[in-house]
2 protein chains.
Amino acid sequence: MPAQAAARQAQKERTHEALLHAALELSRRYGFAQISLRQVAGRAGVVPTAFYRHFDSMEQLGLALVEQSFATLRRMIRDAQRDPHVFDHIIDASAEILVDAVKQNRAHFDFVARERVGGSPAVRRAIQHELDLFVSELAIVLARLPHIETWSSEDVQMVARLFVRNMVSHAEEVADLPDGRPDLEERIKDGARREMRVIVIGFRDWRSAARRDDDR
Amino acid sequence: MPAQAAARQAQKERTHEALLHAALELSRRYGFAQISLRQVAGRAGVVPTAFYRHFDSMEQLGLALVEQSFATLRRMIRDAQRDPHVFDHIIDASAEILVDAVKQNRAHFDFVARERVGGSPAVRRAIQHELDLFVSELAIVLARLPHIETWSSEDVQMVARLFVRNMVSHAEEVADLPDGRPDLEERIKDGARREMRVIVIGFRDWRSAARRDDDR
DNA sequence: GATTTGAGTGCACGCGTGTTCACTGAGCGA
DNA sequence: TCGCTCAGTGAACACGCGTGCACTCAAATC
């Protein structure tokens, strides 16, 4: 065993984490479906067969990465909701949160964005399911907002869907960004802000137009 | 040689097409980056080494598929522009065109949607470039529309970007659809229609709100 | 009709892969 | 201190891969 002064369980956990981290890094470069068990084990500093002490297969590792990624995402949203600023300026705050969060957890976002349509069917399905869940969760948050609380749940769901789609799309952009170009980051943040504004305004006015149709 | 009554060039072309078609079909199931030269050759009814008579590598085949896919897409848009109905009801027509086109060229759309963020860097870059081109082309078409012709080119570009993003997103949905479920197709068509309406209305009103800001 | 061309063949190679199995030796409970 | 547990080892395997090379033999050219 490489390490010297460590409890048994702690060492196992460390290797477990090293495997996940290695897979995440390699996925960023080549895409999850392209990387091999041996590459992951090698980068984690462990012999290929040791991999099986932690995961049954690469597929299981992939699903673990999905879980880890969405845990990050959820923690982020939960923190954001505690900030009262968010309620007053939902759009500006969302754009800020989005870009910052993606920057800080670039690897996880990149993984989700890529493997959402990637080559591993199991991982793809898991991400799609998590995203659907996330849309519903966001809809619940939105429904509590002033003005929106009177909307039908179907309408709120649709706005949430547009928001999440936008989030995924911009997350892709940020993830593709080279490091140390704050100007480009600001540009994306600005684009996200404007597009969210368009969605909110468009939705409000489309709704009132539809209501007028109902009246006549 | 398998075929009997064919000129030499015609037979070569047929094999060439068979390779492209085989790659497209296999990509649909496994993703382009996962499939091997041998699989493609095998499905095209040809020995692996014969592959090299047509493409230098799988990467070159991938780029050829990108070209083919966008040629399909462009032909479609060009045809649509000839239909006067499109100018009057741009949104309804777009939704209709989108769903029909994806249904009829599901393989190509699926390829683009998937490999846009797929495992082959060269293919990914090529698709991203074509998509950027497509946004600009759509912006030119939109700019000629009534009401829109007064907008700044930057604003038109942004609407085009939102439209294309929506198109890609819905193309993904349609491509994932099981066959023979016209109800689901109609649902997606409806969603696309409503979302495009939201974008157009939201943009118009956001623009006039901004103009009011300039005035004061 | 003889000669050239070139699409498709068949074999061989070295390599990286996932998985098997018997093993080692440090950590930990008795 | 003894003995069990089990994370990590290392050799071996069968397999599919991309690619090189010498080949065949019908179509095209002369």
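Reminder, nothing fancy here: chain letters follow the sequence lines and each chain counts from 1.
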> For the pair made of CZ in B/Phe55 and P in C/dG8, what is the distance, rounded to whole Å?
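In whole Å, C/dG8 P lies 12 Å from B/Phe55 CZ.
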> Among C/dT20, C/dG8, D/dA28, which nucleotide sits nearest the side chain of B/Arg8?
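Nearest to the side-chain atoms of B/Arg8, counting from C-beta on, is D/dA28.
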> What is the distance, to the nearest angstrom, from the CD atom on A/Gln39 to the P atom on C/dT17?
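The distance from CD of A/Gln39 to P of C/dT17 comes to 5 Å, rounded to the nearest Å.
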> Sort out for me which residue in B/Arg116, B/Arg125, B/Arg74 forms a salt bridge (Lys or Arg N to Asp or Glu O under 4.0 Å) with B/Glu130.
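Checked B/Arg116, B/Arg125, B/Arg74 against B/Glu130; only one passes salt bridge (Lys or Arg N to Asp or Glu O under 4.0 Å): B/Arg74.
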> Can you tell me if B/Ser36 touches the phosphate of D/dG16, counting only side-chain N or O atoms and a distance under 4.0 Å to OP1 or OP2?
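The answer is no; no side-chain N or O of B/Ser36 sits under 4.0 Å from OP1 or OP2.
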> Starting at atom CZ of B/Arg14, determine the distance to atom P of D/dA27, rounded to an integer number of angstrom.
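Distance, rounded to whole Å: 12 Å.
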> Could you give the CZ-to-P distance, from B/Phe51 to C/dT9, as a whole number of Å?
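Result: 14 Å.
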> Indicate, with a heavy-atom threshold strictly under 4.0 Å, whether A/Val46 touches base, sugar-phosphate, or nothing.
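Touches sugar-phosphate only.
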> Within the pair B/His16 and C/dA7, is there a side-chain N or O less than 4.0 Å away from OP1 or OP2?
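For C/dA7, neither OP1 nor OP2 has a side-chain N or O of B/His16 closer than 4.0 Å.
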> 5'-most contact on DNA chain D: B/Gln9 or B/Leu37, nearest heavy atom basis?
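Closest to the 5' end, via its nearest nucleotide, is B/Leu37.
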> With hydrogens left out and only the distance checked, is there a donor-acceptor pair under 3.5 Å joining B/Arg38's side chain and the base of D/dG16?
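By the distance-only test, no, there is no pair.
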> For the pair B/Phe111 and B/Phe32, name the ring-plane relationship: parallel under 30°, tilted 30 to 60°, perpendicular over 60°.
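The arrangement is perpendicular - the two ring planes meet at more than 60°.
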> Taking atom P of D/dG18 as reference, at what distance in whole Å does atom CG of B/Asp56 sit?
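Rounding to the nearest Å, CG of B/Asp56 and P of D/dG18 are 15 Å apart.
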> When the distance from OH of A/Tyr52 to C1' of D/dC6 is rounded to whole Å, what number comes out?
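It works out to 18 Å between those atoms.
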> Verify the neighbour count for atom NE2 of B/His16: are there more than 12 heavy atoms of other residues, nucleotides or ligands below 6.0 Å?
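Correct, the count exceeds 12.
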> Between B/Gln157 and B/Ser136, do the side chains contain an N or O donor and an N or O acceptor separated by less than 3.5 Å?
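Short answer, yes.
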> If I take atom CD in residue B/Gln34 and atom P in nucleotide D/dG16, what distance separates them, rounded to the nearest angstrom?
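In whole Å, D/dG16 P and B/Gln34 CD are 17 Å from each other.
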> Do B/Gln34 side-chain atoms and B/Gly31 backbone N/O form a donor-acceptor pair below 3.5 Å?
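Side chain of B/Gln34 to backbone of B/Gly31, a donor-acceptor pair under 3.5 Å: no, none is there.
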> What about B/Arg53: does its side chain form a donor-acceptor pair under 3.5 Å with the base of C/dG6?
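Flag unset: no donor-acceptor pair detected.
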> Do A/Thr49 and D/dG10 have a side chain to base donor-acceptor pair shorter than 3.5 Å?
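Counting by modelled atom types and ignoring angles, a donor-acceptor contact under 3.5 Å is found here.
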> Please report the distance, rounded to the nearest Å, between CD in A/Glu13 and P in D/dG8.
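So the two atoms are 12 Å apart, to the nearest Å.
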> Classify B/Thr15 by what it touches in the nucleic acid, base, sugar-phosphate, or nothing, heavy-atom distance under 4.0 Å.
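The residue B/Thr15 makes sugar-phosphate contact but no base contact.
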